[in-house]
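So the structure is just underneath, and the comments pick up after that.
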Amino acid sequence: MAVMIDHPCVQHKLAIIRDVDTGHKRFRELATEITKFICYEALKNIKTREVSVQTPVAEAICHKIDTDLVVVPILRAGVGMLEGILELVPTARVGFVGLYRDEETKLPVTYYERFPTQIKGGTCIIIDPMLATGGSTVAAIEKLKEHGAANIVVVCIVTCPEGVALVEDQHPDVPIYAAAIDDLLNDNKYIVPGLGDAGDRLFGTSH
Ligand code: PRP
Ligand code: URA
């Protein structure tokens with residue numbers, strides 16, 4: 001299942017982050033802002049428990065989050081979304097998976113992993129701005145499942161039909177939330193129109 005967040009506030013920010021003239025400082029700020037909005041929607045079905053709170057006036061029946069949340073950025077571009085989700089759920093734990101896409105084969109290569117034990121039984125949110133072929137996201141999902149994760153959500157900024165289809169085919173239990181589902185991948189497996197190389201644009205590097 002892929003959910004596109006088409007709220008005007010998100011789409012307005014998406015227009016700016018896509019712009020080739022947006023520099024890395026503003027790009028980072030927008031990645032944080034957009035992530036917060038997408039995650040707000042992505043987390044709407046997480047488990048809560050009823051609690052009683054005494055207000056200055058009376059008892060109120062309220063609801064608190066009742067699941068361990070583990071955010072897993074895919075290094076390196078996923079780090080650009082971390083601040084946004086932690087603003088929303090500051091008590092979340094953070095795991096990391098290091099993956100890069102081989103420039104020739106376009107296949108993901110894993111170089112790092114470190115997860116909190118709470119991925120077992122908790123809710124894991126994989127963050128990566130770009131879900132292109134879907135290879136990196138599928139590899140991250142597989143790593144988490146190998147370590148016992150059973151409840152996984154993917155949050156990205158831009159994806160495309162090919163990437164969504166791969167994740168849906170390999171992991172139909174994992175929903176994807178995105179600000180945009182773009183048209184296609186180009187010959188270099190970049191999303192079109194996309195926003196370019198997210199890692200480079202976030203961190204001010206270039207190939
Ligand atoms: C980018 C992006 C994803 C991956 C998407 O990372 O951040 O992780 O490519 O492509 P896929 O869906 O085809 O696998 P990249 O490999 O450029 O590494 P970086 O984050 O270190 O820049
Ligand atoms: N990685 C990116 O950073 N951008 C794309 O469009 C595809 C992969």
Side-chain angles (χ1 to χ4, degrees), residues 1-2 4 13-24 26-28 30-32 34-35 38-39 42 71-85 94-115 124-145 152-172 174-207:
M1 177 192 68
M4 183 186 142
K13 290 176 192 299
L14 185 64
I16 306 170
I17 203 171
R18 283 189 195 273
D19 192 327
V20 67
D21 291 326
T22 298
H24 61 270
R26 188 70 192 118
F27 192 98
R28 273 202 290 266
L30 286 159
T32 297
I34 293 169
T35 301
I38 305 173
C39 289
V71 182
V72 181
I74 298 181
L75 302 175
R76 113 195 113 129
V79 171
M81 299 173 72
L82 187 56
E83 192 179 331
I85 185 165
V94 182
F96 291 95
V97 56
L99 286 168
Y100 68 87
R101 221 171 58 154
D102 182 273
E103 297 214 346
E104 294 297 315
T105 65
K106 311 299 178 203
L107 294 172
V109 180
T110 309
Y111 60 87
Y112 185 76
E113 59 181 87
R114 182 81 200 257
F115 304 122
C124 300
I125 306 121
I126 294 175
I127 49 174
D128 190 328
M130 311 307 284
L131 196 169
T133 65
S136 303
T137 298
V138 164
I141 294 170
E142 280 165 5
K143 282 277 165 224
L144 283 170
K145 287 188 173 176
I152 303 172
V153 175
V154 170
V155 174
C156 58
I157 295 179
V158 181
T159 186
C160 60
E162 190 173 326
V164 168
L166 187 77
V167 176
E168 281 180 348
D169 179 59
Q170 311 266 306
H171 298 284
V174 177
I176 301 165
Y177 291 83
I181 303 174
D182 277 2
D183 301 338
L184 69 153
L185 293 172
N186 66 15
D187 292 344
N188 215 17
K189 302 294 180 194
Y190 269 65
I191 298 173
V192 182
L195 43 80
D197 189 304
D200 283 349
R201 293 197 66 191
L202 276 163
F203 300 118
T205 51
S206 58
H207 276 82

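What you see below is based on every heavy atom in this structure, not just the backbone, and it leaves out hydrogens, waters and symmetry mates. Ligands are counted one by one from 1 in listed order, and the atoms in each one are counted from 1 as well. Given the structure is predicted, the values throughout are model-derived calculations rather than measurements.
For the ligand labelled ligand 1, residue Thr137 lies outside the 4.0 Å heavy-atom shell. Put simply, no part of Pro129 is less than 4.0 Å from ligand 1, judged by heavy atoms. Proximity of Met130 to ligand 1 is established by a heavy-atom distance of less than 4.0 Å.
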Assess whether side chain to side chain contact (heavy atoms under 4.5 Å, CB included) is satisfied between Thr35 and Thr32, documenting all intermediate values.
CA-CA 5 Å; Thr35 301; Thr32 297; 5.9 Å; no

Intermediate values then yes/no, side chain to side chain contact (heavy atoms under 4.5 Å, CB included), Leu185 and Ile191
CA-CA 5 Å; Leu185 293 172; Ile191 298 173; 3.8 Å; yes

Determine, step by step, whether Gln170 and Glu142 satisfy the side chain to side chain contact (heavy atoms under 4.5 Å, CB included) criterion, reporting the C-alpha distance in whole Å, the side-chain angles of both residues, the deciding distance to 0.1 Å, and the verdict.
CA-CA 10 Å; Gln170 311 266 306; Glu142 280 165 5; 4.1 Å; yes

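For ligand 1, none of its N or O atoms has an N or O atom of Lys189 under 3.5 Å away. Below 3.5 Å of separation, one finds an N or O of Ser136 facing an N or O of ligand 1. Of the N or O atoms in Leu99, none lie within a sub-3.5 Å distance of an N or O in ligand 1. Looking at Leu131 next to ligand 1, no N or O pair under 3.5 Å apart turns up. For the pair Asp128 and ligand 1, the shortest N or O to N or O distance falls below 3.5 Å.
Within ligand 2, counting atoms from 1 as listed, the ones closer than 4.0 Å to a heavy atom of Ala198 are 2 (C), 3 (O). Within the listing of ligand 1, atoms 7 (O), 20 (O) sit less than 4.0 angstrom from a heavy atom of Ala77. Interface atoms of ligand 1 facing Arg76, defined by a heavy-atom separation under 4.0 Å, are 19 (P), 20 (O), 21 (O), 22 (O). Listed by atom number, the atoms of ligand 1 under 4.0 Å from Tyr100 heavy atoms are 16 (O). Taking a cut-off of under 4.0 Å to the non-hydrogen atoms of Ala132, the atoms of ligand 1 that pass are 10 (O), 11 (P), 12 (O), 13 (O). Near Lys189, with a cut-off below 4.0 Å to any heavy atom, the atoms of ligand 2 are 7 (C).
Taking the side chain as every heavy atom from C-beta outward, Met130 and Val158 approach each other to under 4.5 Å. Between Ile152 and Ile126 the shortest side-chain heavy-atom distance falls below 4.5 Å.
Ranking protein heavy atoms by distance to atom 5 (C) of ligand 2, first place goes to Tyr190 CD2, 3.4 Å. In terms of protein heavy-atom proximity, atom 6 (O) of ligand 2 is closest to Ile191 N, 2.8 Å.
Under the 6.0 Å distance and 45° angle rule, Arg76 does not count as a cation-pi partner of Tyr111.
Atoms CD1 and CD, on Ile181 and Glu162 in that order, are 14.0 Å from each other to the nearest 0.5 Å.
The pair Arg26-Asp19 fails the salt-bridge criterion, with no side-chain N (NZ, NE, NH1 or NH2) lying under 4.0 Å from an Asp/Glu carboxylate O.
Not one N or O on the side chain of Arg101 forms a donor-acceptor pair closer than 3.5 Å with the backbone of Lys106. Side chain of Arg201 to main chain of Leu195: a donor-acceptor pair is present (N/O by atom type, distance under 3.5 Å, no hydrogens or angles). A donor-acceptor pair is defined here as one N or O able to donate and one able to accept, closer than 3.5 Å; no such pair exists between the side chain of Thr22 and the backbone of Arg18.
In Thr133, the parts holding a heavy atom less than 4.0 Å from any atom of ligand 1 are both the side chain and the backbone.
Distances from atom 4 (N) of ligand 2 to the heavy atoms of Gly196, Pro193, Ala77 show the closest one on Gly196.
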